[in-house]
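All chains are named by letter (A, B, ...) in the order of the sequence lines, taking the proteins before the strands, and each is independently numbered beginning at 1. When reading the values below, keep in mind they use all heavy atoms of this one structure, side chains included, and skip hydrogens, waters and symmetry mates.
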Amino acid sequence: MNVVAASLAAAGGCAVAGAVSAVLVGRSVRAALVGLLTALSGAAAVVAGAAAANGAAWSLTAPYLLPLTGIELAVDPLSGWFLLLVGAVTAVTGVYTIGYAGRQGEGPGSRPSLFLLPLFAASLMLVPVAASVPTLLVGWELMAVTSLLLVVTEHRHAPAVRDAGVWYAALTQLGFVALLVGLLWLAAAAGGTSFAAIRAGAADVDAVTASVVFLLGLVGFAGKAGAVPLHPWLPRAHAESPSHVSALMSAAMVKLGVYGLLRLGFDLLGGGARWWWLVLAAVGAVSALYGITQAAVARDIKRMLAFSTSENVGLILLGVGFAGMYAQAGNPTAAALALGAALLHAANHSAFKALLFAGAGSVVRATGTRDMDRLGGLVRAMPATTALFAGGALAAAALPPGNGFVSEWLLLQSLLHPGPDAGAMLTIAAPIAVAVVAATAGIGVATYVKAVGTGFLARPRSDRAATARESPPSMVVAMVLAALACVALAMVPGLTVPALSRITSDLRLADPGETFAASTFALRVEAATLWPLWTVVGIVAGTAAVAVTARALGRARRRAPAWDCGGGPLTERMEYTATSFAEPLQRIFDNVLAPEQDVDVTHVDESRYHVTAIRFHQRIPDRVENRLWQPLVTALRSLGERARPLASGSVHRYLGYMLVALLAVLVVGVLP
Amino acid sequence: MTVLVALGQAVLLTVLAPHVLGITRAVRARLEGRAGHRLGQPWRDLRKLLRRSPTSPTDASLFFVAAPPVLMATSLLVAAAAPFVATTSLAGEADLIVVVGLLLLGTVALALAGLDTGTAFGGMGASREMTIAALVEPTLLLSVFALSVRVGSTDLATIVTAGATDPASVFTPASALAAAALAIATLAECGRVPVDNPSTHLELTMVHEAMVLEYSGRDLALVEWASALRLTILLGLLANLFAPWGVATQLTPAALAIGTAAFVAKVGGLAAILAAGEVFAAKLRLFRVPELLAGSFALALLAVLAAAVLG
Amino acid sequence: MGLIRRIVATGRAAQKAPKRPEPLPPARRLKRSLQIRHVDAGSCNGCEIELGQAFSPVYDAERYGARLVASPRHADAITVTGPVTVNMAEALRTTYEAMPEPRLVIGIGDCARNCGAFAGAHAVLGPVDDVVPVDLHVPGCPPEPDTIVAALRGLTGR
């Protein structure tokens, strides 16, 4: 029996079972059962993905499941990679949900929410295995609808949740419309809706159509991935949704946007023109810089993580863009390297982002607040969560010995060798891309030091943080699983190289065996080598050795209150907050962030020279949203207002509209 | 054999580091008309500090205790791996991206320790240090990257060997720009004037010192030693990347002896120049520092572009 | 350029080192390295000026191994000037306790020893000995920089 088929069937079955049990089972055991089934579904998807990434093939055509076109499924190494990512994140989320959704039966533990969770997971698995345009679109829309309903789980909580839902719905549907138009146009031009037919007919598609299709696909897929400027839904949706949903969205769903771009650009359209990939790389670069700048100054922990997702997606898209450019410039080795770096970064990001969102969820659940200015001191109350979150932060900051460092290393290596026939565009673009990667890495480190330092260390800054308690074991176990994935990717990333080679050769980017050489323990790129295992071992062993030696030479440690400069005991108000930590960075990037500051002075009635209270407000808005989307929303709203007379209520007028529409369709479509 | 050389290099740099600090202080003292302490004084300070008992704040956690060993260990790894005396370094560990990453890991550990103390100065030092690090790390990466473009590899040993075997290749526009950028980045990374004053007592002017106000005893010894070691490392990298003459390219005793002597001489000279520069410069206001670092970033970017375009 | 000319013209401002005084008992353990944190417990600043001069280019106490540091956690000894005022008593005590052991207290000036000119004032608690145990007194009102340097050299042993 085909491993892929069996495990996909198991995955689907578990997901459906999970959805059914959410409806049928009582609340005391609902979360545990659904979580477990979702985790099993994810595990099965991991098996399927691993098998597919290692070369197992499978396909299925079911013409009766969908009217007009049917469902077509197939796996190849590329879809296997993303299936593996999605499955792993689903497994971690499933385990996490057991504890997170709790036994109260409300919020994340409510029947609708737990019903939708396995369905969301199933739709995430459907997208990579889709082998025809309608299947992909069905999976895409299913993903959008289920995730939207999950995002607004806690809509009774705050109006911000409803706001997040509206933005998410609007931008997702915008992307969907772009995809619908683009992919169907491509299918029409190439003569068939299945991917195989489109691949075969790609030569018949003229350059203009292909470019338009790519750009529409960019809007749809990059928007789903959270690239600037299509990102406004990301910080809202991720911040307001329950944390297990945020983890699934950030670690799994946005990767499917990247998957779509790879499938469309490299596979279906066969590579295309160089400028396509330059546009993609530019989008990636802007996303990376803007995302990390916003993350650096965010004080809401989940908003920070959401913008960090935007940044990492930007880096992935940068790698994909350069892979495309190298491929078009006739440098397949560099193209394979860049694509491999992008895919590895996608995997690393899934691992550490799932870990970070799980940690953030634990913190929010324990303290009731997302505001890092009010957190702190959690290292004593929640030691496991702190340690695991710190590990995730290390990986996200792209520092050795984390796994983010390995993929960043690979990405920088790929930008080093544009090759002899690179042309002016690549020769200039590659150094600028290196600068972008380096800049985002630098600011990213500051961001995560802020998150760990102000969110978890020192003393609690509010009562809510002071009364925090460690999360239930299932949530900690989920974080440990994600952390193990991070550690594995950090120590032996060479294990992923065969799969990456297979993907790149499948996409006709390089001959198999000519990509970068790697053993399990070393990554070798031309003349440079990285020994991830030795780096990790060196740092850990070195630290232990120094600590032990120093202790042997010296005296025992004593505990004393912190030195307060003689001014009396230190209070929590004297600690640095997240906002104050990020203030120098905010000043530096003042022009980009444009913070809004407001000072309210309340004077004494009798005299304007005396003051009773001064209130200072600071808000850092999303400038892209304000400059680009708000005017659009306002324009659409005014257009809608002006078009209101069209919906007058008169049946005769509506019949008239239908007649005109029918005549127009006949004239345009049928007559010529 | 390579491992022995690496270990020897680590020991050499560790022993040399307090003396480099001593040289900077001695030169500065002479220029200021003082007698100044002897070159070995930082060693005495460290030796005495190692014997004193360390204190941890009651609210601090493992991050505070672990930061000095992490800082020292990452600095030692770089000292062992990077090509200072000989270019036959530990295979693959001397990658420039890894070196920059390790140095940054040390900075991060110290910043987290500063935040862990729960004092206002600790947080202030951490905030300022991370802001400066966020701007310096890209410059460090880019300036050495400019050299690697020409050589075709990010392995530091390869870059230094290329410079040592073909001395004329060091005198290119990209090299000059990269040298300027790396010099400014070194000042920022090591907390020297004009970015930070290492001997200030005014907390509001501190960047690095503020994070370590709470350390005492052997923690403080490790932190100060690691700071001196990082200064030696960066000066050594500056010397060997842009003036690689004398570096041992084979592992013969004669070559190693010449390499050691050349390294000590170059680093000593650079330390003296650094100290002399500090006498003539004043510390910049904190919010002027990003302008300086942005300038060095621009130089580094120009260096990479020059290397890519001009070959 | 003007600065270079001034440096060359000034040459060495530091005076020749006077005869080495007898080392005191802590010198064996300190081994020529003494880090000092200064605490002003309520002085008139006369002693501060002299202490500052002791570290200036002319007297240059740093060449004997003494150094002023920014935090009592970094210090081996605190130098205390002035009588201990009521407001500074607790701060002085906390500073003393913040130092890692073994620690020293050096009282500088007559006020530190017996409140000097401020004895009996309403804001004065008492001499330094009333608050923290003093290991070494440097007499004078204010003590000359030479006296201060000699006291420090007694501790460093150079």
Side-chain angles (χ1 to χ4, degrees), chain B residues 18 25-57 117 119 121-122 125 197-206 208-221 223-224 276 279-282, chain C residues 1-18 26-38 52 54-77 97-104 149 152 155-158:
Chain B
R25 289 198 196 143
V27 169
R28 192 166 177 172
R30 284 298 147 85
L31 288 175
E32 288 175 358
R34 291 186 281 126
H37 60 56
R38 302 213 194 132
L39 278 186
Q41 183 66 31
W43 257 117
R44 296 219 174 77
D45 293 344
L46 283 175
R47 203 173 60 183
K48 179 205 63 185
L49 273 175
L50 275 171
R51 295 304 176 95
R52 288 169 76 72
S53 69
T55 317
S56 297
T117 59
T119 60
F121 294 137
N197 183 355
S199 55
T200 183
H201 291 192
L202 298 171
E203 285 86 357
L204 292 178
T205 61
M206 291 176 176
H208 179 268
E209 273 302 307
M211 293 189 290
V212 304
L213 284 176
E214 201 57 38
Y215 278 122
S216 59
R218 65 168 181 276
D219 292 337
L220 184 63
V223 169
E224 293 205 341
V279 170
F280 290 90
Chain C
M1 291 303 112
L3 191 53
I4 299 182
R5 214 173 300 135
R6 173 115 29 115
I7 291 174
V8 170
T10 314
R12 178 179 153 130
Q15 68 176 31
K16 208 156 104 58
R28 286 193 74 214
R29 142 178 86 76
L30 287 171
K31 291 199 180 73
R32 302 184 183 181
S33 163
L34 176 70
Q35 264 87 58
I36 302 168
R37 173 69 179 158
H38 179 69
F55 283 93
S56 72
V58 175
Y59 295 94
D60 198 16
E62 266 200 34
R63 61 180 141 166
Y64 309 116
R67 189 158 57 96
L68 290 171
V69 289
S71 164
R73 293 253 193 257
H74 299 183
D76 304 303
E97 250 129 54
M99 277 199 290
E101 287 180 356
R103 49 201 176 200
L104 298 167
V149 168
L152 293 178
L155 285 174
T156 59
R158 193 187 289 169

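For chain B, the nearby parts of C:Gln35 are the backbone and the side chain; heavy atoms of each come within less than 4.5 Å. Both the backbone and the side chain of B:Ser53 have a heavy atom closer than 4.5 Å to some heavy atom of chain C. Within the 4.5 angstrom heavy-atom criterion, atoms from both the backbone and the side chain of B:Glu214 approach chain C. Of the two parts of C:Pro72, neither the backbone nor the side chain holds a non-hydrogen atom closer than 4.5 Å to a non-hydrogen atom of chain B. Residue B:Phe280 touches chain C through both its backbone and its side chain, counting heavy-atom pairs closer than 4.5 Å. Heavy atoms closer than 4.5 Å to chain C are found nowhere in B:Arg51, neither backbone nor side chain. If you measure heavy-atom distances from C:Glu101 to chain B, the contacts under 4.5 Å come from the backbone alone. With a 4.5 Å cut-off on non-hydrogen atoms, C:Val69 touches chain B through its backbone but not through its side chain. Only the side chain of B:Glu209 comes within less than 4.5 Å of a heavy atom in chain C; its backbone stays farther off.
At distances below 3.5 Å, not a single donor-acceptor pair connects side-chain atoms of B:Glu32 with backbone N or O atoms of C:Ala13. Between the side chain of B:Arg52 and the backbone N or O of C:Pro100 there is at least one donor-acceptor pair closer than 3.5 Å.
In this structure, NZ in B:Lys48 is found 9.0 Å from CZ in C:Arg29, a value given to the nearest 0.5 Å. With rounding to the nearest 0.5 angstrom, the NE2 atom of B:His37 is 13.0 Å from the OG1 atom of C:Thr156. Atoms CZ and CZ, from C:Arg67 and B:Arg25 in turn, are 4.5 Å apart once rounded to the nearest 0.5 Å.
Closest heavy-atom contact between C:Ile7 and B:Leu31: CG2-O, 3.4 Å. When all heavy atoms of C:Ala70 and B:Met206 are compared, the closest pair comes out as CB-CE, 3.6 Å.
Around CZ of C:Arg103, the count of heavy atoms belonging to other residues, nucleotides or ligands within 6.0 Å exceeds 12. Residue B:Arg38 qualifies as open at atom CZ: its count of foreign heavy atoms under 6.0 Å is 12 or below.
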Given side chain to side chain contact (heavy atoms under 4.5 Å, CB included), test B:His201 with C:His38 step by step and report yes or no. CA-CA 11 Å; B:His201 291 192; C:His38 179 69; over 6 Å; no
Assess whether side chain to side chain contact (heavy atoms under 4.5 Å, CB included) is satisfied between C:Arg73 and B:Leu220, documenting all intermediate values. CA-CA 9 Å; C:Arg73 293 253 193 257; B:Leu220 184 63; over 6 Å; no
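Comparing C:Leu30, C:Thr10, C:Leu68 by heavy-atom pairs within less than 4.5 Å of chain B, the highest count is held by C:Leu68. Chosen from C:Ala61, C:Ser71, C:Pro57, the residue pairing most often with chain B at heavy-atom distances under 4.5 Å is C:Pro57. Ranked by heavy-atom pairs shorter than 4.5 Å toward chain C, the options B:Val212, B:Thr200, B:Asp45 are led by B:Asp45.
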